[in-house]
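What follows is a set of notes on a single structure, which appears directly below.
Residue numbers start from 1 in every chain, and the chains themselves are labelled A, B, ... in the order their sequence lines are given, proteins ahead of strands.
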Amino acid sequence: MNKGDHLFLVDGSAYIFRAYHALPPLTRKSDGMPVGAVSGFCNMLWKLVEESRDTSVGTIPTHFAVIFDHSSTTFRNELYDQYKANRTAPPEDLVPQFALIREAVRAFDLPCIEKQGFEADDLIATYTRQAVAAGGDVTIVSSDKDLMQLVGPGVILYDQMKDKRLGPEEVKEKFGVYPEKMIDLQALVGDTSDNVPGVPGIGPKTAAQLLDDYGDLETLLARAGEIKQAKRRENLLEFAEQARLSKRLVTLDCETPLDTPLDDLFLHEPDGEKLIAFLKAMEFTTLTRRVAATLEVSASAVETAKVEVEGPARGPDLDPAAANGAIASSEDGAARLAMTPAALVEARRAEAAGASFDRSAYLTIRDEAALSAFLAEAQETGILAFDTETDSLSAMNGRLAGVSFAVAPGRAGYVPLGHVSPNGEADLLSDKSLEDEIGPQIPLERAMAILKPVLEDPAILKIGQNTKYDTLVMLRHGIVVAPFDDTMLISYALDASASLAGHGMDELSERFLGHKPIAFKDLCGSGRNARAISACEIDKVTEYAAEDADVTLRLWRVLKPRLVAEGLASVYERLEKPLVPVLARMEERGVMVDRQILSRLSGRFAQKQGALEADIAELAGEEFNPGSPKQLGEILFGKLGLPGGKKTKSGQWSTDVKVLEELAAEGHALPSKIVEWRQLTKLKGTYTDTLPNHMDERGRIHTSYSMASTTTGRLSSSEPNLQNIPVRTEEGRAIRTAFVAPEGTLLVSADYSQIELRILAHIADIPQLKQAFQEGLDIHAMTASEMFGVPVEGMPSDVRRRAKAINFGIIYGISAFGLANQLAIPREEAGLYIKRYFERFPGIRDYMDETKAYAKQHGYVETLFGRRAHYPDIRSPNAAMRAFNERAAINAPIQGTAADIIRRAMIRMEGALAEAGLSAKMLLQVHDELVFEVPEDEVEATLPLVRRVMAEAPMPRVDLSVPLEVDAKAANNWEAAH
DNA sequence: CGCTCCTAACC
DNA sequence: AGGTTAGGAGCGA
């Protein structure tokens, strides 16, 4: 190396983690190998290579190397055994990519440098010192503060992602000291992520100030007695040795023996063919194209490389300490690939198949010492399955009866906390104390005090089944459970098929463990004989509750590895898990409802209902129950002899609205009365009479959102369902006026306009639709105009209505039968409409054909965000069943993508509001609508922010070719805001 | 009491 | 015609 040469050193290990975390999609190759980080790494490296070829920038490297950490034990561990001891294992889908990334560097024809027993930073320091000594310049591609100490004349740090170059002045600006004092600063401050202790109570600001005042660490420590602030002085005196140790830990070793001499890092022209062969093997089509273009190599002429990653010689690692099992420690402590994802899945499946359950081994934990001892086991393994037992099914009302835990398969216990006498109140009168009767229980507050640090410990993964329930219960006791995994959501991400029984624990246990857990009914009874779990015998509850925790833990071991193996980790990590706390908070807040408005409506409805019942009896000539379709059918089609049309599945006369309206159109009086009666009965029975029963003492209703009950990724709402509050008719809308905002606040409703049609336009790539959306046109009128040749100006409303029905039909996987039914036209005519539609928009037919073919081949379809909807019955020999599954498969990517988008918006919303200093509270989600409670004086600022977060929700993962439009409005009730 | 059927509310 | 939840009727155990 000579004067004027320029060495580029890439901090490869930091690069990997940045690539993994910064780039959203978890991509994988067709054989299932995750390559998201490899992709991010290659893209960053290529960008760097491209930049460095750009002569206009003026920093052209002559020497280049990518440096990696080789092992986790280095000379620093001899200095301090706790060094980096708190490092958690890398994400399991990242582990198998390490080897591929080293392959990638070789494919770029760049030196790949690592050395056992040394950190990348030490190698970087050594090369830097040698390069500077030889008169060269150095650019270290990293943003790690540990490397700041190397900055100086001719040496800069380059943060590629932020496109920032850091010289001495920038370091001074950032840390308050020049690079040469960085070591002293780090020695004082310490580093929690590396477990460098530093001096307690001294942060970066104080450290910079002290170094400014005293010059350097040794002077500071020698003169620490002069410091005025008592605590600071004492700490510096007491922890002086610790500061010196920290200094040795953070000081980089410039004398690392190098296997590859500096001069061998000389940069030469990349071998385009070698690189492209590798990129093709990784299936990075975009990057392959770009590299091919820049290096002027024909990609198609290059044969795909055979990339083989070294596999393990050893068998399955089922040590619970190796949490996710994908990592095995080798002799030198380096994490390396132990098994392919598929092999791990298979090992875990075999483990589950051989599982046996011994309920008698479960512990009943009745004192604090036993609880602490049990939880200490979780500290060892880093894993804790838990389940809360409450005396009500709703997390909002339930009182805690107890908590169960499992730390390893078969190792589980139950902690009774709120149990009462199984014999009811009688014993309250006797002198026998509760404890004498049912045994001791840890006082609730004491137990919570012990649980809190464990449930909130970032190093212990809490595993639950439907964690939204348990985290909400714990939230009500002031505990924020984190981090967590949820077996229900893992199962749901893996396969949300309708044909499956569901994702409840009992179903999952039978499906994956072949074990039938104790049924809740068998423990507590049902119906009239039902008891609260808190009133059941504790020994029995221990068997039930501890089993649930045990089952949950075992399910997790089977299911979690499948996420990576099947390419669904990003769906789970980005669309499922982060939504849990968001929904828990929405449920906890509830929405305010005006009881008076509902009660007035109930009265009004009752009056009308009574009048209608009288009319109905008179028209029918007898008293009967208009609510009984059976009786009604007999009256209409038997007694009155009206022309009966359809029959239902079970052979009864159909009396649904459609039938009744047709009869009404023929001039019969009774059917329209029935229709009106039914509507009122529905509104009264389901809404105005029932909603008040769901209100809490503050007048708020807390729905429960289910994240795992639809096949497409939509949420559902129950107890009560707030996603089907009437909106279509005027009387129905009146119910919405009862959803109000408290004094000083307003309700904001924000909804996506035509989101599914927009998604269809994007996915199927329909030019006319995309253009119409870009120009903000009336999409149904445009469709009508295109189909029927009627100008949009002055279009008859019926023409537009038909086009609208067709557009919806398309989303639903149109059939002539369905469209005919919807428009009340002959099936032949509906068939002609569809034919014409496909002629005008041939891309739609292509999309439908491709989607069906994909679903038949794979058994599932995917949303733009990778969520899968499975349709195994699409291969059914039964034509009707096949057709049904085809339509569902066509609909699922559209409906599911819309569901993914609003999930992303919800996940980001709270953070965005907080960042803007706004206090809006998200309360409800209705598929394409979000409802917030907003202080009046913040409404103006909140509306545009909510609109923006929703409209930009697909980004950056997906950049839709149509704009997403969001309508948002504020008012004092939901009806007016909508 | 628990299940199925029918109907209807929503997107 | 895609995706839901809820309530009442009716029926069998």
Side-chain angles (χ1 to χ4, degrees), chain A residues 496 498 521 525-530 624-633 646-660 674-675 677-691 694 703-706 708-729 731-733 735-736 751-757 760 805-823 830 834 851 861 869 871 883-896 898-899 902 924-929 978:
Chain A
K521 275 197 308 198
S526 67
R528 182 193 305 268
N529 305 316
F624 74 103
N625 182 354
S628 161
K630 189 165 178 277
Q631 293 178 33
L632 178 64
K646 300 187 294 180
K647 290 275 184 79
T648 66
K649 272 201 288 280
S650 58
Q652 264 192 72
W653 293 112
S654 170
T655 65
D656 64 21
V657 246
K658 211 156 233 153
V659 172
L660 296 180
I674 298 282
V675 170
W677 181 90
R678 277 206 188 138
Q679 202 210 345
L680 282 169
T681 309
K682 175 75 178 178
L683 296 182
K684 185 167 181 291
T686 310
Y687 304 104
T688 58
D689 286 353
T690 314
L691 284 175
H694 291 281
T703 184
S704 171
Y705 288 102
S706 167
S709 53
T710 74
T711 46
T712 55
R714 272 193 182 178
L715 302 180
S716 77
S717 153
S718 63
E719 291 178 289
N721 182 356
L722 295 185
Q723 290 180 323
N724 70 345
I725 302 302
V727 72
R728 242 182 40 246
T729 65
E731 275 164 329
R733 274 196 300 278
I735 293 167
R736 289 200 171 211
D751 68 290
Y752 287 108
S753 159
Q754 311 279 18
I755 186 167
E756 294 192 352
L757 268 180
L760 173 70
I806 296 168
N807 277 333
F808 274 95
I810 293 294
I811 291 170
Y812 296 157
I814 204 150
S815 73
F817 180 84
L819 184 62
N821 218 14
Q822 178 66 31
L823 288 176
I834 295 170
T851 306
V861 289
Y871 296 99
F884 175 78
N885 278 273
E886 285 173 356
R887 292 193 295 271
I890 288 166
N891 172 259
I894 303 169
Q895 187 184 123
I902 198 164
L924 301 176
Q925 190 251 40
V926 193
H927 309 308
D928 65 357
E929 174 188 10
H978 188 69

Report which part of the nucleic acid A:Ile890 touches: base, sugar-phosphate, or nothing (heavy-atom distance under 4.0 Å, all strands).
nothing

Please lay out, stage by stage, how A:Thr712 and A:Val861 fare under the test side chain to side chain contact (heavy atoms under 4.5 Å, CB included).
CA-CA 10 Å; A:Thr712 55; A:Val861 289; over 6 Å; no

Return whichever of A:Asn821 or A:Thr711 has its heavy-atom-nearest nucleotide of DNA chain C closer to the 5' end.
A:Asn821

Once you apply a heavy-atom cut-off of 4.0 Å, does A:Ala805 come out as touching a base, just sugar-phosphate, or nothing?
base

Roughly how many Å is it from CZ in A:Arg733 to P in B:dC10, rounded to a whole number?
10 Å

Counting primed atoms, P, OP1 and OP2 as sugar-phosphate and everything else as base, the B/S/- map of nucleotides 5-13 of chain C against protein heavy atoms under 4.0 Å is SBS-SSS--

The nucleotide from B:dA9, C:dA1, B:dC11 with an atom nearest the side chain of A:Leu683 is B:dA9

Taken to the nearest whole Å, CD/A:Gln723 to P/C:dG3 is 16 Å

When you compare the side chain of A:Lys682 with that of A:Thr686, does any pair of heavy atoms fall below 4.5 Å?
yes

d(A:Tyr812 OH, A:Ile894 CD1) to nearest 0.5 Å is 10.5 Å

Nearest-nucleotide pick for A:Pro726, side chain only, options being B:dC10, C:dG2, B:dA8:
B:dC10

May I have the distance from A:Ile735 (atom CD1) to B:dA8 (atom P), rounded to whole angstrom?
16 Å

Of B:dC10, B:dC6, C:dA1, the nucleotide closest to the side chain of A:Arg736 is B:dC10

Roughly how far, to the nearest 0.5 Å, is the OH atom of A:Tyr705 from the CG atom of A:Leu924?
4.5 Å

Atom pair distance, as rounded to whole Å: CG in A:Asp928 and C1' in B:dC11
6 Å

Atom NZ of A:Lys646 to atom P of B:dC6: distance rounded to whole Å?
11 Å

Could you point out which residue of A:Asn807, A:Ile811, A:Ile810 forms a side chain to side chain contact (heavy atoms under 4.5 Å, CB included) with A:Glu756?
A:Ile811

Would you mind telling me which of B:dC11, C:dA1, B:dC6 lies closest to the side-chain atoms of A:Lys649?
B:dC6

Rounded to whole Å, how long is the line connecting atom CZ of A:Arg678 with atom P of B:dA9?
10 Å

Could you tell me how far apart A:Gln925 (CD) and B:dC11 (C1') are, to the nearest whole angstrom?
10 Å

What do you reckon, do A:Tyr812 and the base of C:dA1 stack, with centroid distance below 5.5 Å and planes below 30°?
no

Spacing of A:Leu691 atom CG relative to B:dA9 atom P, expressed in whole Å
15 Å

Check whether any side-chain N or O of A:Thr710 sits under 4.0 Å from OP1 or OP2 of B:dC11, and answer yes or no.
no

As an exercise, state the distance from CD1 of A:Ile834 to CD1 of A:Ile806, rounded to the nearest 0.5 Å.
8.0 Å

To the nearest 0.5 angstrom, please state how far the OG atom of A:Ser718 sits from the CD atom of A:Gln723.
9.5 Å

Establish, with yes or no, whether the OP1 or OP2 oxygen of B:dC6 is under 4.0 angstrom from a side-chain nitrogen or oxygen of A:Ser650.
yes

Count the heavy atoms of every other residue, nucleotide or ligand shown that sit under 6.0 Å from NZ of A:Lys521, and state whether that count exceeds 12.
no

Taking N and O atoms by type only, does the side chain of A:Arg714 place a donor or acceptor under 3.5 Å from a partner on the base of B:dC11?
yes

